[in-house]
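We number each residue from 1, following the sequence as shown. For the numbers below, each heavy atom of this structure counts, side chains included, while hydrogens, waters and symmetry mates do not.
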Amino acid sequence: CWLAKVRLDNAIKHLARTSPAITVRLHYRPFMIDPHTKPDGELYADYHRRRWGGDGWTAPMKRMGRAEGAPYANWKIWPNTHHASRLLLEAGRHGLG
């Protein structure tokens, strides 16, 4: 999720300042949260109502995101990540992942 990515980036920056001899190498692996997401994604409210009955679970995440510079201010779509996952796999096959 975006909040985890922001936290990871901040941790890597901190490590670079405090322990410059340590090198961090990331390798992203695809993960599809919900394979039943419609191919073009879904409206945020519709998706959360269908999957969980509402979006109450996102309130703490949004609060933490605002505090850490990852506001979810315009979260309108729940994306289908199938093609992004395919792109990550293909990039890995070419030494780019």
Side-chain angles (χ1 to χ4, degrees):
C1 91
W2 187 30
L3 177 56
K5 173 72 169 83
V6 168
R7 287 177 170 175
L8 178 62
D9 289 345
N10 289 337
I12 292 170
K13 288 175 192 171
H14 176 75
L15 187 62
R17 284 192 309 273
T18 59
S19 302
I22 297 174
T23 301
V24 175
R25 186 168 171 243
L26 297 176
H27 180 82
Y28 290 97
R29 298 190 186 276
F31 178 76
M32 183 173 246
I33 293 173
D34 181 3
H36 302 292
T37 302
K38 293 178 182 175
D40 292 329
E42 299 179 46
L43 292 175
Y44 170 89
D46 293 347
Y47 175 82
H48 290 279
R49 201 171 16 261
R50 173 180 67 77
R51 179 100 192 261
W52 293 289
D55 71 342
W57 70 272
T58 66
M61 183 175 64
K62 289 178 179 181
R63 197 169 33 258
M64 288 183 282
R66 279 191 300 277
E68 297 194 40
Y72 290 85
N74 294 312
W75 192 359
K76 296 182 187 336
I77 299 290
W78 183 270
N80 182 312
T81 58
H82 177 76
H83 292 304
S85 295
R86 290 178 59 217
L87 182 60
L88 280 172
L89 289 171
E90 189 62 25
R93 284 196 259 290
H94 295 278
L96 301 172

As an exercise, state the distance from [atom1] of [X] to [atom2] of [Y], rounded to the nearest 0.5 Å.
X   : Y   : atom1 : atom2 : result
H82 : T37 : NE2   : OG1   : 12.0 Å
E42 : H36 : CD    : NE2   : 11.0 Å
M61 : R63 : CE    : CZ    : 11.5 Å

Item checked: Passing candidate, side-chain contact (heavy atoms from CB on, under 4.5 Å) with I12, options L15, N10, L8 -> L8
Notebook entry, point to check: L88 and I33: same hydrophobic cluster, using ILVMFWY side-chain contacts below 4.5 Å?
Noted result: no
Checklist line | ILVMFWY cluster, V6 and L26 together (side-chain gap under 4.5 Å) | finding: no
State, with a plain yes or no, whether a side-chain heavy atom of [X] is found less than 4.5 Å away from one of [Y].
X   : Y   : result
K38 : D46 : no
T81 : P30 : no
Y28 : S85 : no

Notebook entry, point to check: Ion pair present between R50 and D34, side-chain N to carboxylate O less than 4.0 angstrom?
Noted result: yes
Notebook entry, point to check: Are K13 and D9 close enough for a salt bridge, meaning some N to O gap below 4.0 Å?
Noted result: no
Item checked: Option among Y72, Y47, Y44 that satisfies the ring pair (Phe, Tyr, Trp, His ring centres under 6.0 Å) test with W78 -> Y47
Next item on the list: Ignoring hydrogens and angles, tell me if any N or O in the side chain of N80 forms a donor-acceptor pair with the backbone of D40 under 3.5 Å.
Entry: no
Check: Is there a donor-acceptor pair closer than 3.5 Å between any side-chain N or O of W57 and the backbone N or O of A59?
Finding: no
Next item on the list: Compare every heavy atom of M32 with every heavy atom of P35, then report the nearest pair and how far apart it is.
Entry: CA-SD, 3.4 Å
Next item on the list: Can you tell me which residue pairs pass the salt bridge (Lys or Arg N to Asp or Glu O under 4.0 Å) test with a partner in residues 67-89, sequence neighbours excluded?
Entry: R7-E68
